[in-house]
Number of protein chains: 2
Amino acid sequence: MANNVCDLKSCFLCKSCLKDWLPAVAANRKNIAIKKNRQLFNEGDPVTGIYFIYSGTVKVHKKWGREKELILRFAKAGDVAGQLGLGDDAIYPVSATAIEPCVVCFIDTYFFESTLSINANFTRQLMSVLANDLQESEKRMRNLAHMPVRGRVAQALLNLQNQFGITEDGYINIDVSRQDLASFTGAAYESLFRVMNDLTDEKLVSVSGKSILINDENALLRLTEEIDL
Amino acid sequence: MANNVCDLKSCFLCKSCLKDWLPAVAANRKNIAIKKNRQLFNEGDPVTGIYFIYSGTVKVHKKWGREKELILRFAKAGDVAGQLGLGDDAIYPVSATAIEPCVVCFIDTYFFESTLSINANFTRQLMSVLANDLQESEKRMRNLAHMPVRGRVAQALLNLQNQFGITEDGYINIDVSRQDLASFTGAAYESLFRVMNDLTDEKLVSVSGKSILINDENALLRLTEEIDL
DNA sequence: CGTATCTTTGAGTCATGTCAAAAACGGTGG
DNA sequence: CCACCGTTTTTGACATGACTCAAAGATACG
């Protein structure tokens, strides 16, 4: 990993920032290295700022009781986390945890807010991010309500491939535990497991260790389609 | 109902608009009366603009197949609908349907976009709306994944009471069909029905026709709590 | 090697959705 | 005022998807 200096070209904030605002950004950001499985913030914590992922992967999740959670989305290099601090509540409604070692760029709320009020372009971009997240969230919400687990697994795999791309040998370019995959699809560990077995048997996907390869994208896509009576 | 002239004090857009922009707003908005059960827009339609609800109630929903849907949220006087047109796609990802007669204020995309670029305050407010919607959406998403129907019904009722308030005699101030209530909790009609019966038997709620009264708010609240092992 | 963690499989249970039919309701027109 | 029809409500029986629990294999790790 490179040193922990924010690459101004990759950082969401810096990229959309006004030229003469850049020095201020540089002065106010703080780069932090996060180890695997360490939390960036925890739901219930007071909001202190917003994070821009510079490298690594983060899961944004919401807990249920002591043992369960739902992974809402993954954030990778170039993405934001903590934008929900923008709501009326100054409390993080979700948790964010590194699933790979990360370097993140932290901007405290105060500076962030003043940037918002000065930089309309940045605000506009962030708004776009929120709108897209909301669309995705509502789609998954409907799926959770109506789509069976099998379809949701298919959807989850397609989403991951879409977000993280594939390696040279075609495997989805992310390293997720089965447990996290289950939490992402909103299913029990064993349920996910069985479905993955089925999909493998049917040659729709191949698995090697934790790596997953999608053989038949269209077939997976079909699994996500609505079934009329 | 008053005539169809937008009350500038109630309209989300107008309220946050710059003084000298007001005439332009007045010139560019179009007030439309919508009958009950009429759609404002349908998922899949190209985005033409954004709607501000001036009076009445709208359900924002997403379909599954021909028969099923999930109601994502309700919008009442003062709320926005169609803000998701803000995402990267110029296609409405959801539908909006009046469940009571409505008067809405329509702003076409072009004017809306130019307002966004000129009026930072408005953009900021809209961003806040999106952030809050996203929080709510993600919470409900987790609930859909982990909370049993009984708890979700309780949550739905509390949400409705919270959003619409109560009438003089204590009933939740909204007129929803049972079918919509089911779609809002993400459950089958009959499931909702049985749960409502249970809650009534247990004196947690009272029902009179379509009207619902919450007797024991705390008990409902407890039903929405996470259960540790 | 022994302990811990993760994977895999089987069996059982339960919540929830599905289906079908009867009952109640509401409006409409004769 | 009543008969009729369409809709919504109500109830029961049933099917089954998905979760839970538990235990056996596998894999990693110090």
Side-chain angles (χ1 to χ4, degrees), chain A residues 36-37 63-71 99 140-156 175-201 205-212 223-224 226-229, chain B residues 36-37 63-71 99 140-156 175-201 205-212 223-224 226-229:
Chain A
K36 184 170 174 170
N37 294 326
K63 294 169 189 170
W64 177 260
R66 168 178 286 282
E67 302 277 320
K68 296 182 189 176
E69 66 174 13
L70 180 74
I71 293 181
I99 61 171
R140 288 188 61 208
M141 192 160 136
R142 183 209 50 188
N143 291 350
L144 235 16
H146 293 303
M147 188 187 280
V149 167
R150 190 175 154 88
R152 299 211 303 272
V153 172
Q155 180 77 69
D175 184 35
V176 249
S177 74
R178 288 308 165 91
Q179 182 54 68
D180 279 346
L181 200 47
S183 299
F184 185 52
T185 72
Y189 179 94
E190 294 92 328
S191 296
L192 172 95
F193 181 82
R194 288 180 235 261
V195 170
M196 285 298 286
N197 266 351
D198 294 347
L199 296 180
T200 309
D201 289 348
V205 307
S206 303
V207 171
S208 152
K210 283 190 179 178
S211 306
I212 301 169
L223 290 183
T224 68
E226 315 163 18
I227 306 140
D228 280 61
L229 53 135
Chain B
K36 184 171 174 169
N37 295 326
K63 294 169 190 170
W64 178 258
R66 166 178 286 282
E67 302 276 321
K68 296 182 189 177
E69 65 174 13
L70 180 73
I71 294 181
I99 62 171
R140 287 187 63 208
M141 191 159 136
R142 183 208 50 188
N143 291 351
L144 234 16
H146 293 302
M147 189 187 279
V149 168
R150 192 176 155 86
R152 299 211 303 271
V153 172
Q155 181 77 69
D175 184 34
V176 250
S177 73
R178 288 309 164 92
Q179 182 54 67
D180 279 347
L181 199 48
S183 299
F184 185 52
T185 71
Y189 179 95
E190 294 93 328
S191 295
L192 172 95
F193 181 82
R194 288 179 234 261
V195 170
M196 286 297 286
N197 267 350
D198 294 347
L199 296 181
T200 309
D201 289 348
V205 307
S206 304
V207 171
S208 152
K210 283 190 180 179
S211 306
I212 301 168
L223 290 183
T224 68
E226 315 164 18
I227 305 141
D228 280 62
L229 52 137

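Naming convention: chains lettered A, B, ... in sequence-line order (proteins, then strands); numbering from 1 in each chain.
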Could you run down the sub-3.5 Å N/O contacts of the protein with nucleotides 14-16 of chain D?
none

What distance do B:Gln155 atom CD and B:Leu144 atom CG have between them, rounded to the nearest 0.5 Å? 11.5 Å

When every nucleotide of nucleotides 25-30 of chain D is labelled 5' to 3' by its protein contacts under 4.0 Å (heavy atoms), B for base, S for sugar-phosphate only, - for none, what sequence of letters results? ------

Tell me the closest heavy-atom pair linking A:Ile212 and A:Met196, and the distance in Å. CD1-CE, 3.9 Å

What is the separation between atom CE on B:Met196 and atom C1' on D:dT8, rounded to the nearest whole Å? 15 Å

With A:Lys68, which residues qualify under side-chain hydrogen bond (donor to acceptor under 3.5 Å, both in side chains), at least two apart? none

D:dT8 C1' sits how many Å from B:Asp175 CG, rounded? 14 Å

When the C1' atoms of the five terminal pairs at each end define the local axes, what inter-axis angle does the helix from C:dT7-D:dA24 to C:dG30-D:dC1 show, to 10 degrees? 30°

Please find the pair of heavy atoms, one from B:Ser183 and one from B:Leu70, that lie closest to each other, and give the distance. O-CD1, 3.2 Å

Check: residues 184-195 of chain A side-chain donor-acceptor pairs under 3.5 Å, at least two apart:
| from | atom 1 | to | atom 2 | distance (Å) |
| --- | --- | --- | --- | --- |
| A:Thr185 | OG1 | A:Ala182 | O | 3.2 |

Could you tell me which non-hydrogen atom of A:Gly151 sits nearest to which non-hydrogen atom of A:Thr224, and how far apart they are? O-CG2, 3.8 Å

Taking only residues two or more places apart in sequence, or in another chain, which ones meet B:Thr200 in a side chain to side chain contact (heavy atoms under 4.5 Å, CB included)? B:Val205, B:Val207

Minimum-distance pair of heavy atoms, taken over all atoms of A:Glu69 and A:Asp180: OE2-OD1, 3.8 Å

Distance in Å, A:Leu181 CG paired with A:Lys210 NZ, rounded so as to fall on 0.5 Å steps: 11.0 Å

Send over the distance from B:Arg66 CZ to C:dT18 P, rounded to a whole Å. 16 Å

Can you tell me how far P of D:dT10 sits from NZ of B:Lys210, to the nearest Å? 12 Å

Using the test side chain to side chain contact (heavy atoms under 4.5 Å, CB included), find all partners of B:Ser206 that sit at least two apart in sequence or belong to another chain. B:Leu213, B:Asn215

Rounded to whole angstroms, how far apart are CD on B:Glu67 and P on C:dT18? 10 Å

Taking side chain to side chain donor-acceptor pair (under 3.5 Å) as the cut-off, I'd like each qualifying pair that reaches into residues 143-153 of chain A, sequence neighbours left out, listed once. A:Arg150-A:Glu202

What does nucleotides 8-17 of chain C look like as a protein-contact string, B for base, S for sugar-phosphate only, - for none, at under 4.0 angstrom between heavy atoms? BBBB----SB

Determine the minimum heavy-atom distance between B:Asp175 and B:Ile99, stating which atoms define it. O-CD1, 4.2 Å

Work out which heavy atom in B:Arg142 is nearest to a heavy atom in A:Lys63; give both atom names and the distance. NH1-O, 2.9 Å

